[in-house]
Protein chains: 2
Amino acid sequence: MLKRKSDTCISCEDCNKRSPLFSLLSSEELNIMNANRFEVVFNTGENIVKQGTSASHMIMITRGMAKLYLEGFDKKNLLLEIISPWKLFGGPGLFTDYRYHYSVSALLDTSACFIATENVRRVMRLNPDFAETLLKHCSLNGVSNFQRLISLTQKQMHGRLADVLLYLSEKVYFSPHFSLNITRQEIGEMSNMTKESATRILKEFEHAAIIKLDTKNITLLDIEKLKQLSLHG
Amino acid sequence: MLKRKSDTCISCEDCNKRSPLFSLLSSEELNIMNANRFEVVFNTGENIVKQGTSASHMIMITRGMAKLYLEGFDKKNLLLEIISPWKLFGGPGLFTDYRYHYSVSALLDTSACFIATENVRRVMRLNPDFAETLLKHCSLNGVSNFQRLISLTQKQMHGRLADVLLYLSEKVYFSPHFSLNITRQEIGEMSNMTKESATRILKEFEHAAIIKLDTKNITLLDIEKLKQLSLHG
DNA sequence: TATTTTGATTGATAAAAAGCAATTTATGTA
DNA sequence: TACATAAATTGCTTTTTATCAATCAAAATA
């Protein structure tokens, strides 16, 4: 958890340019957000946010990659998202019980900017556009949680794994070919199956020429088939 | 879908008294909310909201009881909540894509008050307390969706059914003894299992003296045991 | 480079839960 | 009340998926 000068931002300017949420703010409001702001560099594997601790900050990833997950029973996790720069998060606890409801940990060396929750709340009360956009963010999370509930409870393993592959391609790596920096265990945690099942079904997809597989390198060969599997699997 | 004079409200006064959300509004703001407001009486079984249709209104249940559910694949539903008077809903689509993301249908003859979404949005921009509370509502839904995700993906049937029984007792009927107005099918839709499994496990609970069971009448005899089952099941 | 250690793979087995079919019970209606 | 329909129950079978154990491959470290 070193803080290195070369990685820190001078102000929120960078984030403003990148985040639709920040571009709504006046310079006065930006000053409020900027107060007490700090940036931290995390090594691969380190916790950025720990579920259950005090939700003191809204956090923006500025470099690297991280996983966002729910810690369930018996050390079993449910991995919800792989997040990259300019993703802002904090979770539903920011406006309820002031606790983080998920954990986030670094998959690569990762920088993150910490904005005090009370500053976010102050600005929200000053700027209705910002408030509306926060509500929209929260609602979009609601929509994707509904989709996830249906995917995880009503699809069989093949469909759930297809969903994960499409998610990785479309939302994380932005390419049909990608080099994974998550393990089979983590693929399992995204699709609610064991690492053995994840392995097995990836192999099946390879044999069916739906994907090209070389341990960490995956190429989606038949995206239509994956979408079709996603519809029931 | 009759509109009966005896069931309609004269103004939002009743709701104001009952809902923490409405009590935040000035009389001017209440007038905005009241504009174009209407109340409808639904017969048992009728749809109040249909998933996928235009999210034109935020809705308050003022009489009766309804189920709120996601429509998944192959006509398989996931029942999220049983709702009663003074519950306000509309879903995450109100502030995103202006679609309802779930269906709601009446379990009893039920009255519901419809408030135009654009009026809600106007008031939200005028009143920061209201905006903050809407965001809080949305966040609380987020928290309960996380809990549901963990319950449905990591617990076995006994634990999930225990969760449903505790929910019905604590949040719906407010008593350890209750007379169900939902079917075994619907219990299955709440706990993600078939109606046969729901029947079987209810019987098991009866034989283990955890509940007293008489088809539609249930009494929770050993709440501690149910809470323990909920922790892993 | 040799050596650990961690992650991936594979096969065999067991557990959990669904599906199916038949029957019984409850509910609503003519 | 008798009948028709819907819901609940039960036993049996099958499917899905986890678990366990062993081996293999890759990556990190001495």
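Proteins come first, then strands; the chains are lettered A, B, ... in the order of their sequence lines, and each starts at number 1.
Taking every side-chain heavy atom of B/Met193 into account, C/dA18 is the closest of C/dA18, D/dA8, D/dT19. Here C/dT9 is the nucleotide among D/dT10, C/dT9, C/dA26 with the atom lying nearest to any side-chain atom of A/Thr199. Relative to the side chain of A/Thr183, the nucleotides D/dT10, D/dA7, C/dA8 differ in distance, and C/dA8 lies closest.
As rounded to whole Å, 10 Å separates atom P of D/dT9 from atom CG of B/Asp214. We find that CD of B/Gln185 is positioned 12 Å from P of C/dA18, with the value rounded to whole Å. Between A/His158 atom NE2 and D/dT15 atom C1' the separation is 13 Å, expressed in whole Å. Protein atom CG of B/Leu213 is 11 Å distant from nucleotide atom P of D/dA8, rounded to whole Å. Atom C1' of nucleotide D/dT16 and atom CD of A/Gln154 are separated by 16 Å, given to the nearest angstrom. Rounded to an integer number of Å, the gap from CG of B/Asn181 to C1' of C/dA26 is 16 Å. Atom CG of A/Leu107 and atom P of C/dG7 are 13 Å apart (whole Å). Residue A/Met157 contributes atom CE, which lies 15 Å from atom P of C/dA18 at whole-angstrom precision.
The side chain of B/Arg184 places no N or O atom within less than 4.0 Å of a non-bridging phosphate oxygen (OP1 or OP2) of D/dA6. The phosphate of D/dA8 (OP1 or OP2) has a side-chain N or O of B/Lys216 nearer than 4.0 angstrom. Applying the 4.0 Å criterion to OP1 and OP2 of C/dA18, one finds that B/Ser197 has a side-chain N or O inside that range. One finds no side-chain N or O of A/Lys195 lying less than 4.0 angstrom from the OP1 or OP2 phosphate oxygen of D/dA18.
Counting non-hydrogen atoms under 4.0 angstrom, A/Thr194 reaches a base of the nucleic acid. Counting any heavy atom pair closer than 4.0 Å across all strands shown, A/Asn192 reaches sugar-phosphate atoms only and no base atom.
At least one side-chain heavy atom of B/Phe89 sits under 4.5 Å from a side-chain heavy atom of B/Ile61. At least one side-chain heavy atom of B/Glu71 sits less than 4.5 Å from a side-chain heavy atom of B/Lys50.
In this model, a side-chain donor or acceptor of A/Arg200 finds a partner on the base of D/dT19 within 3.5 Å.
In terms of heavy-atom proximity, B/Gln154 sits nearest to A/Phe73 at OE1-N, 2.8 Å.
Other residues, nucleotides and ligands contribute at most 12 non-hydrogen atoms within 6.0 Å of the NZ atom of A/Lys136.
With no hydrogens or angles considered, no side-chain donor-acceptor pair links B/Tyr102 and B/Asn77 at under 3.5 Å.
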